[in-house]
2 protein chains.
Amino acid sequence: MTGYKKSRIREAILETLKGTRTHPPADWVWEEVKKIYPSATLATVYRNLHILESQGKILALDVGQGEKRYDGFVHHHAHFVCRKCGEVYDCEIKEGSFAKGMNIPGEVEAFQLTLYGVCERCMTKVMFPTGQSGKKQDKRER
Amino acid sequence: MTGYKKSRIREAILETLKGTRTHPPADWVWEEVKKIYPSATLATVYRNLHILESQGKILALDVGQGEKRYDGFVHHHAHFVCRKCGEVYDCEIKEGSFAKGMNIPGEVEAFQLTLYGVCERCMTKVMFPTGQSGKKQDKRER
DNA sequence: ATACATGCAAATCATTTGCGCAGTC
DNA sequence: GACTGCGCAAATGATTTGCATGTAT
């Protein structure tokens, strides 16, 4: 039932995710993997992302942008999502600090803490009244 | 730009969400609204859910199940998602307790804290080895 | 040899959008 | 009357799946 064989593509995906802190979506991972294995398919990338997630080697994040973001760093940390530029930042978390005093109706195995706001970079940026939100920026340019 | 007119359907959606603590998905809200306005469409429900969310009257939750869940209670609280039955529970949060000591790269306007695990109800349930996960239960039966 | 991995194309599922008409201000 | 809301149907976009073939053990 848990018999996974070695897969070059799966390894490439894991290395790609461990090599960035940008929390990329699946198609960006695909672009990276294709640089090494040009025949790789998006379907294969998705299949392997699921396997890696079930093995606890990566995290799948829902940051409320429609597409999932993947994270090769599985130590406990939170994420800050800028609602202007869409960037996802890591935030250190003080272990066990936040769950204290909460009424939790079960046994917690994992958690996801996402903070939404405007990042410092966007706050200091001068805003032109031309109405560009920048929210939907080109995903490929990271 | 913010000129919304009164809409019976939108009001019904808001009341529906304020009348439950089950964090329902859009199509469940639709079923409820149709009981009062049978002609209402899912597209209209989605449009109004977005408006209500932008007005800060409801919350849209990503609990990692593909579809968004909506919440008519906007006070600060966290959610516990059972990975067996898929139920979403509310958890009280001690105001400002968890953000302390974190390195946040911007100004936080909102946050979402989701805990994943197995709820007490499922833990006490006897498990038959028939392989049913129950994860994909019928959404309509709430 | 057997079971898992992959490519390809088609399917799925939640959500969104264009358009013409209806309701509100 | 101008502008927003609605129903309908079609479009979209991310993710999944069936099937035949390739690869690891």
Side-chain angles (χ1 to χ4, degrees), chain A residues 1-14 16 23-55 57-70 86 133 135-140, chain B residues 1-14 23-55 57-70 86 88 133 135-140:
Chain A
M1 200 122 222
T2 323
Y4 295 117
K5 302 184 175 169
K6 194 167 75 168
S7 146
R8 293 165 172 279
I9 292 184
R10 187 151 63 237
E11 286 171 354
I13 291 173
L14 184 55
T16 298
H23 317 82
D27 59 342
W28 184 88
V29 175
W30 181 37
E31 299 295 341
E32 290 302 299
V33 171
K34 275 198 294 188
K35 290 177 182 169
I36 312 172
Y37 305 105
S39 70
T41 310
L42 185 52
T44 298
V45 170
Y46 273 113
R47 276 190 279 242
N48 283 305
L49 285 170
H50 287 150
I51 293 174
L52 290 169
E53 189 194 354
S54 77
Q55 295 177 324
K57 293 180 179 170
I58 65 171
L59 293 176
L61 310 176
D62 255 318
V63 291
Q65 295 179 178
E67 53 183 13
K68 279 192 180 134
R69 307 298 207 88
Y70 294 91
S133 83
K135 194 86 154 288
K136 270 291 184 232
Q137 91 277 54
D138 188 350
K139 282 177 294 197
R140 249 140 264 5
Chain B
M1 203 122 217
T2 324
Y4 295 117
K5 300 184 177 172
K6 194 166 74 168
S7 146
R8 292 168 172 278
I9 293 184
R10 186 151 63 238
E11 284 170 357
I13 291 173
L14 184 54
H23 317 82
D27 58 344
W28 184 87
V29 175
W30 182 38
E31 299 295 342
E32 290 301 301
V33 171
K34 273 198 295 188
K35 289 176 184 170
I36 311 172
Y37 303 105
S39 70
T41 32
L42 186 53
T44 298
V45 171
Y46 273 113
R47 275 190 278 242
N48 282 306
L49 284 171
H50 287 149
I51 293 175
L52 290 169
E53 189 194 353
S54 77
Q55 295 178 323
K57 293 180 179 170
I58 64 171
L59 295 175
L61 311 176
D62 254 318
V63 292
Q65 293 179 181
E67 52 182 16
K68 279 194 180 131
R69 307 299 207 88
Y70 294 91
V88 181
S133 83
K135 194 86 155 286
K136 269 292 184 232
Q137 91 281 50
D138 188 351
K139 281 177 294 194
R140 254 145 252 13

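We use all heavy atoms of the structure for the numbers below, so side chains are in, but hydrogens, waters and symmetry mates are not. Protein chains get the first letters and strands the later ones, always in sequence-line order, with residue 1 at the start of each.
- B:Leu42 approaches B:Asp27 most closely through the heavy-atom pair CD1-CA, 4.2 Å.
- Proximity note for A:Thr41 (side chain, C-beta onward) versus C:dG7, C:dA14, D:dT15: the nearest is C:dG7.
- For the pair A:Lys34 NZ and C:dC8 C1', the computed distance is 14 Å after rounding to whole Å.
- Separating the CD1 atom of A:Ile36 from the P atom of C:dT6 is a distance of 13 Å, rounded to the nearest angstrom.
- The distance between atom CD of A:Glu11 and atom P of C:dT6, rounded to the nearest whole Å, is 10 Å.
- Between the P atom of C:dC4 and the CD1 atom of A:Ile51 lies a distance of 10 Å, rounded to the nearest Å.
- Here C:dC4 presents its P atom at 14 Å from CG of A:Asn48, a figure rounded to the nearest Å.
- When the local axes at the two ends of the helix from C:dT12-D:dA14 to C:dC25-D:dG1 are compared, using 5 base pairs at each end, they differ in direction by 30° after rounding to 10°.
- The only member of A:Val29, A:Ile51, A:Ile58 that meets side chain to side chain contact (heavy atoms under 4.5 Å, CB included) when paired with A:Leu14 is A:Ile58.
- What separates CG of A:Leu49 from P of C:dT6 is a distance of 12 Å, to the nearest Å.
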Practice item. Any chance you could list the contact pattern along nucleotides 16-25 of chain C? Use B for base contacts, S for sugar-phosphate-only contacts and - for none, protein heavy atoms under 4.0 Å, 5' to 3'. Key: BBB----BBS
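- Here B:Lys68 contributes atom NZ and B:Leu49 contributes atom CG; the two are 10.0 Å apart, rounded to the nearest 0.5 Å.
- Within the structure, every side-chain polar atom (N or O) of A:Ser7 is placed at least 4.0 Å from both OP1 and OP2 of C:dC4.
- Considering only residues two or more places apart in sequence or on other chains, A:Thr44 meets the side-chain contact (heavy atoms from CB on, under 4.5 Å) condition with A:Ile9, A:Thr41, A:Arg47, A:Asn48.
- Distance A:Tyr37 OH to D:dG22 C1': 15 Å, rounded to the nearest Å.
- Pairing each heavy atom of B:Pro25 with each of B:Arg69, the nearest pair is N-CD, 4.0 Å.
- Screening residues 3-12 of chain A for salt bridge (charged side-chain N to carboxylate O under 4.0 Å, His left out) gives no qualifying pairs among residues at least two apart or on separate chains.
- Residue A:Ser39 is classed as a sugar-phosphate contact, given heavy-atom separations below 4.0 Å to backbone atoms only.
- Here CG of A:Leu61 is found 9.5 Å from OH of A:Tyr70. Values are rounded to the nearest 0.5 Å.
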Please tabulate, one pair per line, all N/O donor-acceptor pairs under 3.5 Å involving side-chain atoms of residues 33-40 of chain B, not counting sequence neighbours.
{"unit_1": "B:Lys35", "atom_1": "NZ", "unit_2": "B:Glu32", "atom_2": "OE2", "d": "2.9"}

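- Regarding B:Glu67, its CD atom lies at a distance of 15 Å from the C1' atom of D:dA14, rounded to whole Å.
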